[in-house]
Amino acid sequence: MTHDDFLADQFQAHRPHLKAVAYRMLGSLSEAEDAVQEAWLRLARSDAADIGNLGGWLTTVVGRVCLDMLRSRKSRREESLEERLPDPVVSQADAADPEREVLLADSVGLALLVVLESLSPAERLAFVLHDMFGLPFEEIAPIVDRTPATAKKLASRARLRVRGAAPSPDPDLSSQRRAVDAFLAAARDGDFAALVSVLDPDVVLRADGGLLTGGMKVIRGVAAVAGQLDTFHRMATSSATHPALVNGLAGLVNTIDGRLISVMSFTITDGRIAAIDILSDPERLARLDLTGLEP
């Protein structure tokens with residue numbers, strides 16, 4: 001085996017972890033892949049013999065690349081991911097997928113990713129690298145050009161915003177599925193009272209239809225979300241619904257004649273639905289990797 005082959009094998013061993021870091025930083029699967037590829041290019045141009053901890057070095061590089069991408073995204077004032085749902089990761093409801101499990105360790109649901117999009121790039125990096133991946137602030141500080149103490153403050157501010165805005169999902173998947181099944185039954189029957197009973201009083205509905213609907217629509221509160229019963233009823237009765245895991249949480253994949261029309265993610269807290277995230281943008285649905293899902 002040549003040195004280049006050995007380096008490539010070492011990089012591949014770290015790739016799932018690096019993509020998980022980049023996905024949490026960017027909320028975009030394609031951009032996460034770009035960031036990981038850039039890390040490989042930088043490694044190939046470096047003297048690997050001088051790298052004592054390859055995993056730490058690569059994590060730092062991916063962090064820097066993602067930070068630059070977030071700053072560039074904001075400075076160009078392009079369409080922000082704050083105005084659309086992050087990319088969902090969809091997998092079978094009853095089958096383990098090792099790569100997706102690494103990508104979604106700790107159940108990084110869409111509701112959490114939406115909150116992360118509201119952070120500044122530096123806050124997001126400090127929170128993701130420290131709170132989600134355990135990187136010490138001494139290693140985070142040089143990435144954001146701050147002192148370790150300031151990096152710690154960035155993560156602390158981010159933590160407070162996340163705790164206040166992102167509901168914590170129930171850890172039991174069967175409990176999550178029961179709540180989703182109750183939602184689906186209420187939608188199919190057009191049963192308003194049953195729908196209200198499964199919704200958290202502060203439930204948030206985010207629906208992203210892309211250009212077809214003018215971007216993401218956000219509806220808050222049990223009365224307003226339950227007021228969408230007619231829409232839920234049409235969805236449940238006109239399409240085939242398939243249980244799935246969406247970002248590690250109970251969700252639904254909806255199809256008509258085998259064509260994917262929407263992906264729904266549910267955040268269940270204390271047995272009730274605290275957040276519903278629906279992606280129905282045809283362009284983005286077409287790019288989803290649904291390998292292993294039976295239509």
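Neither Leu252 nor Val90 shares a network with the other; the hydrophobic side chains, linked directly or stepwise wherever heavy atoms of I, L, V, M, F, W or Y lie under 4.5 Å apart, form separate groups for each. Val180 and Val253 sit in two unconnected hydrophobic clusters of ILVMFWY residues. Membership requires side-chain heavy atoms under 4.5 Å apart, directly or through other members. No single ILVMFWY cluster, assembled from side-chain heavy atoms under 4.5 Å apart, contains both Ile268 and Val246. Both Phe192 and Ile276 belong to a common hydrophobic cluster when Ile, Leu, Val, Met, Phe, Trp and Tyr are linked at side-chain heavy-atom distances under 4.5 angstrom. Leu110 and Val128 fall within a single hydrophobic cluster, where Ile, Leu, Val, Met, Phe, Trp and Tyr side chains are chained together by heavy-atom contacts under 4.5 Å.
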Report task. Before giving the answer on side-chain contact (heavy atoms from CB on, under 4.5 Å), spell out for Val222 and Asp200 the whole-Å C-alpha distance, their side-chain angles and the decisive distance to 0.1 Å. Result -> CA-CA 7 Å; Val222 63; Asp200 183 89; over 6 Å; no

Report task. Begin with the C-alpha distance, continue with both residues' side-chain angles, and end with the deciding distance and a verdict on side-chain contact (heavy atoms from CB on, under 4.5 Å) for Leu184 and Met264. Result -> CA-CA 11 Å; Leu184 191 56; Met264 303 180 69; over 6 Å; no

Report task. Would you sort out whether Val196 and Leu199 count as a side-chain contact (heavy atoms from CB on, under 4.5 Å), showing the intermediate values? Result -> CA-CA 5 Å; Val196 168; Leu199 297 178; 5.5 Å; no

Report task. Go through the steps to decide whether Arg287 and Ser30 satisfy the test side-chain contact (heavy atoms from CB on, under 4.5 Å), and finish with yes or no. Result -> CA-CA 9 Å; Arg287 297 198 297 264; Ser30 60; 5.7 Å; no

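Each side chain to side chain donor-acceptor pair (under 3.5 Å) pair with one or both residues in residues 133-148, not counting sequence neighbours, appears once here: Thr147-Thr150. For residues 269-279, the pairs satisfying side chain to side chain donor-acceptor pair (under 3.5 Å) are Arg206-Asp277, with sequence neighbours left out.
Of all heavy-atom pairs between Phe232 and Ile278, the closest is CE2-CD1, 4.4 Å. Here the closest heavy-atom approach between residue Leu260 and residue Asn254 is recorded as CD1-O, 3.6 Å. Of all the heavy atoms in Leu249 and Pro169, the pair that sits closest is CD2-CB, 3.9 Å. Taking all atoms of both residues into account, the shortest heavy-atom contact from His17 to Phe133 is CE1-CD2, 3.5 Å. Across all non-hydrogen atoms, the minimal contact from Val36 to Phe11 is O-CZ, 3.4 Å. Contact record, Asp131 with Ala155: OD1-CB, 4.3 Å, taken as the closest heavy-atom pair.
A donor-acceptor contact shorter than 3.5 Å is absent between the side chain of Ser72 and the backbone of Asp68. In this structure a side-chain-to-backbone donor-acceptor pair under 3.5 Å is missing from Asn247 to Pro88. Proximity of a side-chain donor or acceptor of Arg161 to a complementary backbone N or O of Arg157 within less than 3.5 Å is not detected. Under the 3.5 Å distance criterion, the side-chain polar atoms of Arg177 are matched with a main-chain donor or acceptor of Gly251. A donor-acceptor pair under 3.5 Å is formed between the side chain of Thr60 and the backbone N or O of Gly56. Here the side chain of Asp281 pairs no donor or acceptor atom with the backbone of Asp208 at under 3.5 angstrom.
Taken from CG in Asp191 to NE2 in His233, the straight-line distance is 11.5 Å, to the nearest 0.5 Å. Rounding to the nearest 0.5 Å gives a distance of 9.0 Å between CZ of Arg64 and CG of Leu67. Once rounded to the nearest 0.5 Å, the distance linking CG of Leu154 with CG of Leu129 reads 11.5 Å. Put simply, CE on Met25 and CE on Met69 are 10.0 Å apart, with the number rounded to the nearest 0.5 Å. To the nearest 0.5 Å, atoms CZ (Arg234) and CG (Asp230) are separated by 6.0 Å. To the nearest 0.5 angstrom, Leu18 atom CG is 11.5 Å from Gln37 atom CD.
Contact annotation: the side chain of Val263 never approaches that of Arg284 to less than 4.5 Å [non-hydrogen atoms, C-beta and beyond]. With contacts defined as side-chain heavy-atom distances shorter than 4.5 Å, the pair Leu112/Met132 qualifies. In this structure, Ser280 and Ile261 have side chains that are not in contact, with every pair of non-hydrogen atoms separated by 4.5 Å or more. Counting heavy atoms from C-beta on, the side chains of Thr241 and Met235 come closer than 4.5 Å. At a threshold of 4.5 Å between non-hydrogen side-chain atoms, the residues Arg178 and Ser175 count as touching.
The side chain to side chain contact (heavy atoms under 4.5 Å, CB included) with Leu70 is formed by just one residue from the set Val65, Leu125, Leu26; it is Leu26.
Using a 4.0 Å cut-off between a side-chain N of Lys or Arg and a carboxylate O of Asp or Glu, Arg159 and Glu123 do not qualify as a salt bridge.
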